[in-house]
Amino acid sequence: MADQNQQAERLNLVTVPGIASFPHLFEPDSKNGKYTLSILFDKKDPDAQKMMRDLQAKCAEAIRRGIDGEPGRDGKSYAPFAGHSMDDKEWVKRLGLPVEDGDTAVFTRGDNVGKLKKDVREEYEGHWVLKAGTKNDLVAAGWVVDQNRRRLTASELYSGAIVRANIWLYAYRQDNSGVGAMLNAVVKTGDGERIGGETDPLAAFGLPDASAAGRPDPFASMGV
């Protein structure tokens with residue numbers, strides 16, 4: 001069991017703080033029925049650079065497991081890439097990854113097909129974009145919280161909020177093949193400038209910040 005846990009940990013990653021973009025955590029994304037979140041990381045941030053090197057290594061490990069069929073987090077063995085080799089560089093290059101370069105990524109479908117994403121979403125410029133998702137309702141499970149482990153509301157987790165995420169890397173083979181990022185938990189670490197034209201509908205009322213509203217911490221008695 002210990003060896004299995006150690007193998008699982010090699011595909012787990014906790015991100016550094018980044019900017020939340022298009023969070024669909026309180027209701028599934030209508031495009032795929034999953035709870036999803038994109039996070040932007042400043043490419044000039046040394047901590048983000050280190051994290052990306054770690055992410056790259058874990059993606060390579062996920063690909064290798066997809067070839068060899070080593071047991072995953074659930075103990076079951078999957079080999080969606082059986083028959084392929086890490087030495088096939090052209091095949092490896094064609095695999096999808098959960099992160100993209102916001103300066104060079106291009107829309108491949110929709111009204112903006114062929115356009116650079118940063119020309120449509122200016123916040124992408126100078127950032128890496130990590131995309132993660134899950135079929136599980138993390139909000140209901142209590143895994144979308146602030147730094148005091150208080151559950152967040154939809155108005156508190158907006159595009160522009162500063163967050164960290166716990167993700168799990170896995171190999172997949174469906175209509176296409178690649179490495180995906182399963183979202184396990186999200187922690188909001190701070191507020192930021194709202195992006196994408198998103199506004200706070202309660203701002204006009206002059207209400208205090210939720211963090212200062214005196215809400216009890218359900219984890220306080222647990223010494224968290």
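Scope of the values below: all heavy atoms of this structure, side chains included, with no hydrogens, waters or symmetry mates.
Below 30°, between 30° and 60°, or above 60°: for Trp91 and Phe81 the angle between ring planes is above 60°, a perpendicular geometry.
Residues Pro98 and Lys131 are not in side-chain contact: their nearest non-hydrogen atoms beyond the backbone lie 4.5 Å or more apart. Looking only at side-chain heavy atoms (C-beta outward), Leu183 and Thr36 stay at 4.5 Å or farther from each other. Proximity of Leu55 to Leu130: side-chain heavy atoms (C-beta onward) are separated by under 4.5 Å at one or more points. Taking the side chain as every heavy atom from C-beta outward, Leu157 and Phe26 approach each other to under 4.5 Å. Looking at heavy atoms from C-beta onward, Ser159 lies in side-chain contact with Pro23 at the 4.5 angstrom threshold. Ile39 has its side chain out of reach of Ile19: every pair of non-hydrogen atoms, C-beta onward, lies at least 4.5 Å apart. For the pair Phe41 and His127, the minimum side-chain heavy-atom distance is 4.5 Å or more. Two residues are said to be in side-chain contact when any heavy atoms from C-beta on lie closer than 4.5 Å; Gln147 and Val187 meet this criterion.
At distances below 3.5 Å, not a single donor-acceptor pair connects side-chain atoms of Arg194 with backbone N or O atoms of Gly160. Remark: side-chain polar atoms of Asp137 are paired, donor with acceptor, to backbone N or O of Ala140 under 3.5 angstrom. Put simply, the side chain of Glu100 never gets that close to the backbone of Ala105: no donor and acceptor are under 3.5 Å apart.
To the nearest 0.5 Å, atoms NZ (Lys135) and CG (Asn32) are separated by 10.0 Å. Rounded to the nearest 0.5 angstrom, Leu169 CG and Cys59 SG are separated by 4.5 Å. In this structure, NZ on Lys34 lies 8.0 Å from OG1 on Thr134, to the nearest 0.5 angstrom.
Heavy-atom neighbours of Arg173 CZ from other residues, nucleotides or ligands within 6.0 Å: at or below the threshold of 12.
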Inset, instruction - Take Met86 and Ile63, measure what side chain to side chain contact (heavy atoms under 4.5 Å, CB included) needs, and give me the verdict at the end. - result: CA-CA 8 Å; Met86 291 290 285; Ile63 294 171; 3.3 Å; yes
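Shown here for Lys118 and Glu125, the closest heavy-atom pair between the two residues is CB-N, 4.1 Å.
Checking Tyr158 against Asp191 by side-chain atom types alone, a donor-acceptor pair falls below 3.5 Å.
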